[in-house]
J.: 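This is the structure, below, for whatever I ask next.
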Amino acid sequence: MRYQRPRGTQDILPDQMPEWLLAENTFRRLCHSFGYGEIRTPIFEDTDLFVRSVGEDTDIVSKEMYTFEDRGGRSLTLRPEGTAPVVRAFIEDNLQGPDRERIVKLCYIAPIFRYDRPQAGRYRQHHQAGVEALGSMAPGLDAEVIHLAMTLYTALGITKVSLLINSVGCPVCRPVYVVKLREFLAGSREELCDDCRRRYETNTLRVLDCKVESCRRLTDGAPKQVDELCDECAEHFAAVQEHLKVLGIGFELQPRIVRGLDYYTKTAFEFVSTGLGSQDAIGGGGRYDGLVEQCGGPPTPAVGLGIGLERVLLARRALGQAASQEPREGVFVVAVGDEAWLPAFALSGELRAAGITADLDYRRRSLRAQMRHADAAGFRWAAILGEEELAKGTVALRDLASGEQQELNRGDLVAHCRNADG
RNA sequence: GUGGGCGUAGCUCAACGGCCAGAGCACCGGACUGUGGCUCCGGGGGUUGGGGGUUCGAGUCCCCUCGCCCACCCCA
């Protein structure tokens, strides 16, 4: 029986690493320039953290979490989303300090686990790059995290991205809306599915994303949250849009997005790209003004963002963005004949110790084979060491791009290669 | 979770139920005995995802299983 990787997971192989590093490094660079500090939290947390923050009735909690009991009987869960762990750390590690007005800006790149049916762009382990800005209600911050994501997409060559935004209200206006929704559904209550009859009582909003066809029909004409916002939320939403316009970011109002996590308040947004089939959301997020307090911290408004890296890479490829080609680099040391082996080995060691990329052919193949490999593997130079060079204490250095070849004293090779860089 | 499609060489794919499962690319070697890319010639590579069944005979048909993919759904 041969082992297979678990369903819905993937190995990221060396030849895929360049595009991963490009995405990760670009994200880190952007976060730095936007003023976000990187944080790493554990890959698992108390199950309860996610149940209480994400919401018991959400798909994520009710059927997608990797939950297990450790040997001490604790219930732990593999991180199914990025925000709750950061919020937990924000509180536990007292990142805000004594200044309650202080804005704490954090970013992370982390694996995320959800038990879901795999599909292209949907995995049981995927990676998210995210940011969280905690401590302020300023609508400019909503626009800032959106701007950061947009800038990342642009930098990575993902040109066809649409931004969908919505406002899901707050503890003031949501209950008002919920009442309206209940009134709307009250008459047809008996026609709802079993789950929805329960949801109607406990978490009415969830009726809106029931999958049962009959329930969907019943909610089609339901009132919309955006139309029922309180003054504060309406004002905030307008201000966010104003800030986006100032940044030159186009958007589309979409009244039905982000209902997957209970903690969102006010702004909710999503980025969709073309060419990805049905898994087309390459990023999303929103404001969660009540979450920190709900997790046991001081009342702290916040806004955050998550970007699915696998989907970002898929979107790049769909748009024909090749992984940037590495420039020719380093020295392939070619040993001709047995006599030359040890000196060649020593020479490669010297180069490596000096920080210069170097390799040689442990199979001791023909000169031709070694030259072919040096070229195919993308080396900048071939340093040839044979009988002649051994006798003279030299090395023949061939530039593989131009074909120019010169003879150097062996002791000058490191300095020569180093000077040629740049 | 529901419905469907597909698994053959490292990769992309051929092969009516019938001879030793092939091709292109890649890889290796040679032509070129100390010089890469181009060309030509040659070569190595396969548990046909796995298991069972039908059949004189299975890559091909049937069942089970694993995986990938598509739509729904969900989201990143």
Side-chain angles (χ1 to χ4, degrees), chain A residues 1-10 13 15 23 54 58-64 79-83 109-130 149 153 164 195 209-213 215-216 256-261 268-273 276-286 304-315 328 332 334-337 340 361 363 365-390 396-405 407:
Chain A
M1 181 62 178
R2 289 181 59 167
Y3 289 109
Q4 288 178 302
R5 71 183 85 93
R7 186 171 191 206
T9 65
Q10 47 186 184
L13 302 175
D15 64 335
V54 175
T58 60
D59 281 0
I60 290 179
V61 170
S62 62
K63 51 192 189 198
E64 295 176 2
R79 168 175 50 218
E81 64 103 31
T83 300
I109 296 175
I112 303 283
F113 304 85
R114 283 182 210 166
Y115 188 90
D116 207 343
R117 181 125 169 202
Q119 207 173 315
R122 186 163 76 188
Y123 308 99
R124 290 184 173 180
Q125 174 178 350
H126 76 276
H127 298 81
Q128 276 187 32
Y153 299 140
L164 312 175
D195 281 342
D209 26 274
C210 182
K211 289 94 208 160
V212 178
E213 181 59 35
C215 296
R216 295 186 77 84
R256 274 186 90 102
I257 55 158
V258 186
R259 57 273 194 211
L261 297 101
F269 60 86
E270 198 168 296
F271 296 93
V272 297
S273 182
L276 294 186
S278 58
Q279 307 305 318
D280 62 352
I282 56 174
L305 156 79
I307 295 167
L309 291 179
E310 280 81 359
R311 288 186 187 173
V312 161
L313 297 183
L314 287 171
R328 285 190 169 273
F332 192 81
V334 177
V336 186
D361 179 20
R363 290 189 288 178
R365 291 184 297 172
S366 71
L367 171 61
R368 223 158 76 80
Q370 294 187 63
M371 289 301 291
R372 200 170 14 229
H373 175 78
D375 180 46
F379 284 92
R380 181 169 177 188
W381 293 289
I384 302 161
L385 208 51
E387 237 176 285
E388 285 174 32
E389 290 81 8
L390 280 178
L397 187 67
R398 185 178 182 86
D399 184 310
L400 290 171
S402 67
E404 284 167 32
Q405 189 165 323
E407 207 158 332

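None of these values were measured; they are calculated from a predicted model. In the text below, chain A, chain B and the rest are named by the order of the sequence lines, each starting its count at 1.
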J.: Do you know which two heavy atoms are closest between A/L314 and A/G121, and how far apart they sit?
T.: CD1-CA, 3.6 Å
J.: Round to the nearest Å and state the distance from A/Q4 atom CD to B/G49 atom C1'.
T.: 7 Å
J.: Can you find a donor-acceptor N/O pair under 3.5 angstrom joining the side chain of A/R5 to the base of B/G67?
T.: no
J.: Using the salt bridge (charged side-chain N to carboxylate O under 4.0 Å, His left out) rule, collect all pairs that involve residues 112-126 of chain A, keeping only residues at least two apart or in two chains.
T.: A/D116-A/R122
J.: Is there a donor-acceptor contact under 3.5 Å from the side chain of A/R398 to the main chain of A/Q405?
T.: no
J.: Can you tell me how far C1' of B/C74 sits from CZ of A/R114, to the nearest Å?
T.: 9 Å
J.: Between A/H126, A/Q125, A/H127, A/Q128, which is the residue that forms a side-chain hydrogen bond (donor to acceptor under 3.5 Å, both in side chains) with A/E310?
T.: A/H127
J.: Should A/R365 be listed as having a side-chain N or O under 4.0 Å from OP1 or OP2 of B/C28?
T.: yes
J.: Expressed as a whole number of Å, how far does the P atom of B/U54 sit from that of B/U60?
T.: 15 Å
J.: Look at the side-chain N and O atoms of A/S278 and state whether any lies under 4.0 Å from the OP1 or OP2 oxygen of B/C72.
T.: yes
J.: Side chain of A/Q279 only, please: which of B/U35, B/C69, B/C75 is the nearest?
T.: B/C75
J.: So for A/R398 and B/G36, does any side-chain atom that can act as donor or acceptor lie under 3.5 Å from a complementary atom in the base?
T.: yes
J.: Which whole-number value in Å describes the distance from A/E270 CD to B/A76 C1'?
T.: 9 Å
J.: What integer distance in Å separates A/D375:CG from B/C38:P?
T.: 8 Å
J.: Choosing from B/G36, B/G67, B/A76, which nucleotide comes nearest the side chain of A/Q128?
T.: B/A76
J.: Determine, step by step, whether A/V312 and A/F271 satisfy the side chain to side chain contact (heavy atoms under 4.5 Å, CB included) criterion, reporting the C-alpha distance in whole Å, the side-chain angles of both residues, the deciding distance to 0.1 Å, and the verdict.
T.: CA-CA 11 Å; A/V312 161; A/F271 296 93; over 6 Å; no
J.: If you round to the nearest 0.5 Å, how far is CD of A/Q4 from OG1 of A/T9?
T.: 10.0 Å
J.: Would a 4.5 Å heavy-atom cut-off, applied to side chains only, mark A/M371 and A/L400 as touching?
T.: yes
J.: Taking all non-hydrogen atoms of both residues into account, name the closest pair between A/I282 and A/A315 and its distance.
T.: CG2-CB, 4.4 Å
J.: Between B/U35 and A/Q370, counting only base atoms on the nucleotide and side-chain atoms on the residue, is there a donor-acceptor pair under 3.5 Å?
T.: no
J.: Which nucleotide in the list B/G34, B/C74, B/G36 gets nearest to the side chain of A/R328?
T.: B/G36
J.: With sugar-phosphate meaning primed atoms plus P, OP1 and OP2, does A/A335 contact a base, only sugar-phosphate, or nothing at under 4.0 Å between heavy atoms?
T.: nothing
J.: Give the rounded distance in Å between these two atoms: CZ of A/F271 and C1' of B/A76.
T.: 12 Å
J.: Does RNA chain B take part in any stems of at least 3 consecutive Watson-Crick or G-U pairs (both distances under 3.5 Å), and if so, which ones?
T.: B:1-7 with B:66-72, B:10-13 with B:22-25, B:27-31 with B:39-43, B:49-53 with B:61-65
J.: List the steps, then state whether side chain to side chain contact (heavy atoms under 4.5 Å, CB included) holds for A/L305 with A/F269.
T.: CA-CA 9 Å; A/L305 156 79; A/F269 60 86; 3.7 Å; yes
J.: May I ask you to list the residues of residues 306-315 of chain A, by number, that have any heavy atom positioned under 4.0 Å from an atom of RNA chain B?
T.: A/G306, A/G308, A/R311
J.: Test of understanding: with salt bridge (charged side-chain N to carboxylate O under 4.0 Å, His left out), list the residues that count as partners of A/E407, not counting sequence neighbours.
T.: A/K392
J.: Expressed in angstrom and rounded to an integer, what is the separation of A/R372 atom CZ from B/C28 atom P?
T.: 6 Å
J.: Using the C1' atom in both, what is the distance from B/C69 to B/C61, to the nearest Å?
T.: 24 Å
J.: Nearest whole angstrom, please: distance from the P of B/U35 to the CG of A/D361.
T.: 17 Å
J.: Closest approach to the side chain of A/A281, judged atom by atom: which nucleotide of B/G34, B/C74, B/C75 is it?
T.: B/C75
J.: Which distance, rounded to the nearest 0.5 Å, do you find between the OH of A/Y115 and the NZ of A/K63?
T.: 12.5 Å
J.: Without decimals, in angstroms, what is the distance between A/D399 CG and B/G37 C1'?
T.: 13 Å
J.: For A/R365, which residues count as a salt bridge (charged side-chain N to carboxylate O under 4.0 Å, His left out) partner, sequence neighbours excluded?
T.: A/D361
J.: Output one line per pair: protein atom, nucleotide atom from nucleotides 1-5 of chain B, and distance, for all N/O pairs under 3.5 Å.
T.:
| from | atom 1 | to | atom 2 | distance (Å) |
| --- | --- | --- | --- | --- |
| B/U2 | O4 | A/R117 | NH1 | 3.0 |
| B/G3 | O6 | A/R117 | NH2 | 2.9 |

J.: Would you say A/D375 and A/F332 make side-chain contact, with heavy atoms under 4.5 Å?
T.: no
